[in-house]
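Below is one structure, written out as structure tokens; comments come after it.
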Amino acid sequence: MTTEINHVDHELIRAAAHVAATRCRGDNHTMAAAARDQDGRIITAVNAYHFTGGPCAELVLIGTAAAQGAYDLDTIVAVGDRDRGVVPPCGRCRQVLLDYFPALKVIVGTRDGLRTVPITHLLPESYVWADHQLDAEVNGADTPDHYQPKLA
């Protein structure tokens with residue numbers, strides 16, 4: 001069962017919808033994502049579709065956020081172009097978001113029934129990549145924390 005979190009960040013939805021409406025053109029960019037970091041800053045991104053597979057907007061957003069020094073995302077939402085509204089993350093994005101930000105909140109639902117849920121509720125009983133990275137920890141890897149998914 002999904003536990004609902006009361007607050008839906010409508011400013012975040014508006015930011016993603018604006019990017020979807022103004023930056024998504026043609027088949028290469030069809031989704032926009034917006035996330036709020038712990039400091040309140042909003043980061044946006046669009047997907048990079050390609051027939052060989054391409055990163056979803058949520059994954060592009062992770063890189064964009066890191067490039068801007070935002071490593072602690074609080075809430076994320078994806079919005080489709082052509083007024084499709086809020087779109088839940090795909091399975092791959094759910095796994096990556098969980099691995100990078102285990103406390104992340106995700107806005108999902110329809111225009112009439114938006115809700116914010118923990119990423120863990122979108123991927124129950126999941127594989128957590130960080131839990132299986134003991135070799136790096138044991139070998140004393142010298143990789144900065146912000147380049148590795150956060151440990152739960």
Side-chain angles (χ1 to χ4, degrees), residues 1-20 23-24 29-50 53-81 84-110 113-152:
M1 179 191 324
T2 301
T3 302
E4 193 169 323
I5 296 174
N6 293 333
H7 176 69
V8 173
D9 193 332
H10 291 282
E11 182 182 21
L12 209 54
I13 296 167
R14 283 191 297 276
H18 175 74
V19 171
R23 301 292 185 247
C24 291
H29 308 291
T30 58
M31 293 291 297
R36 187 179 302 280
D37 75 355
Q38 293 292 332
D39 296 330
R41 181 172 31 156
I42 294 177
I43 297 99
T44 59
V46 298
N47 70 318
Y49 177 80
H50 190 264
C56 296
E58 296 94 332
L59 300 185
V60 173
L61 189 135
I62 291 171
T64 301
Q68 295 178 15
Y71 301 106
D72 295 316
L73 300 182
D74 178 70
T75 306
I76 193 168
V77 66
V79 173
D81 66 347
R84 289 185 290 146
V86 172
V87 177
C90 72
R92 176 179 67 169
C93 287
R94 291 174 191 212
Q95 183 67 56
V96 173
L97 290 169
L98 172 68
D99 289 337
Y100 272 78
F101 311 103
L104 185 70
K105 297 178 290 278
V106 182
I107 300 172
V108 296
T110 65
L114 295 173
R115 63 191 188 282
T116 304
V117 298
I119 187 66
T120 54
H121 290 200
L122 294 180
L123 205 57
E125 299 183 38
S126 61
Y127 171 86
V128 178
W129 179 81
D131 291 346
H132 301 277
Q133 301 308 305
L134 297 178
D135 289 340
E137 198 173 291
V138 170
N139 294 329
D142 192 25
T143 305
D145 289 341
H146 59 270
Y147 290 117
Q148 296 180 8
K150 297 191 184 295
L151 298 175

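All residue numbers refer to positions in the sequence shown, counting from 1.
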Do the non-hydrogen side-chain atoms of [X] and [Y] ever get within less than 4.5 Å of each other?
{"X": "His18", "Y": "Arg14", "result": "no"}
{"X": "Thr30", "Y": "Arg84", "result": "yes"}
{"X": "Val117", "Y": "Leu122", "result": "yes"}
{"X": "Ile107", "Y": "Thr75", "result": "yes"}
{"X": "Lys105", "Y": "His7", "result": "no"}
{"X": "Leu98", "Y": "Thr120", "result": "yes"}
{"X": "Val106", "Y": "Arg94", "result": "no"}
{"X": "Tyr100", "Y": "Leu73", "result": "no"}

Distance from [X] atom [atom1] to [Y] atom [atom2], nearest 0.5 Å?
{"X": "Leu61", "Y": "Cys93", "atom1": "CG", "atom2": "SG", "value": "10.0 Å"}
{"X": "Ser126", "Y": "Ile119", "atom1": "OG", "atom2": "CD1", "value": "9.0 Å"}
{"X": "Asp72", "Y": "Asp39", "atom1": "CG", "atom2": "CG", "value": "8.0 Å"}
{"X": "Ile43", "Y": "Ile76", "atom1": "CD1", "atom2": "CD1", "value": "9.5 Å"}

Work out which heavy atom in [X] is nearest to a heavy atom in [Y]; give both atom names and the distance.
{"X": "Val79", "Y": "Ala16", "value": "CG2-CB, 3.6 Å"}
{"X": "Ala32", "Y": "Val19", "value": "CB-CG1, 3.7 Å"}
{"X": "Thr64", "Y": "Ala45", "value": "OG1-CB, 4.1 Å"}
{"X": "Met31", "Y": "Ala57", "value": "O-CB, 3.6 Å"}
{"X": "Ala34", "Y": "Ala15", "value": "CB-CB, 4.2 Å"}
{"X": "Glu11", "Y": "Arg36", "value": "OE1-NH2, 2.9 Å"}

Item to complete: Could you check Ile13 against Val8 for side-chain contact (heavy atoms from CB on, under 4.5 Å), going step by step and ending with a plain yes or no?
Response: CA-CA 9 Å; Ile13 296 167; Val8 173; 3.7 Å; yes
Worksheet item: So, Tyr71 side chain and Ala66 main chain: donor-acceptor pair closer than 3.5 Å or not?
Response: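 It does hold such a pair.
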Worksheet item: Taking it one step at a time, do Asp99 and Gln95 satisfy side-chain contact (heavy atoms from CB on, under 4.5 Å)?
Response: CA-CA 6 Å; Asp99 289 337; Gln95 183 67 56; 3.3 Å; yes
Item to complete: Flag yes if more than 12 heavy atoms outside Arg92 fall under 6.0 Å of its CZ atom; otherwise flag no.
Response: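 More than 12 within 6.0 Å, yes.
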Practice prompt. Could you walk me through whether Thr116 and Val77 pass the side-chain contact (heavy atoms from CB on, under 4.5 Å) test, one step at a time?
Written response: CA-CA 9 Å; Thr116 304; Val77 66; over 6 Å; no
Item to complete: List the steps, then state whether side-chain contact (heavy atoms from CB on, under 4.5 Å) holds for Glu58 with Val96.
Response: CA-CA 9 Å; Glu58 296 94 332; Val96 173; over 6 Å; no
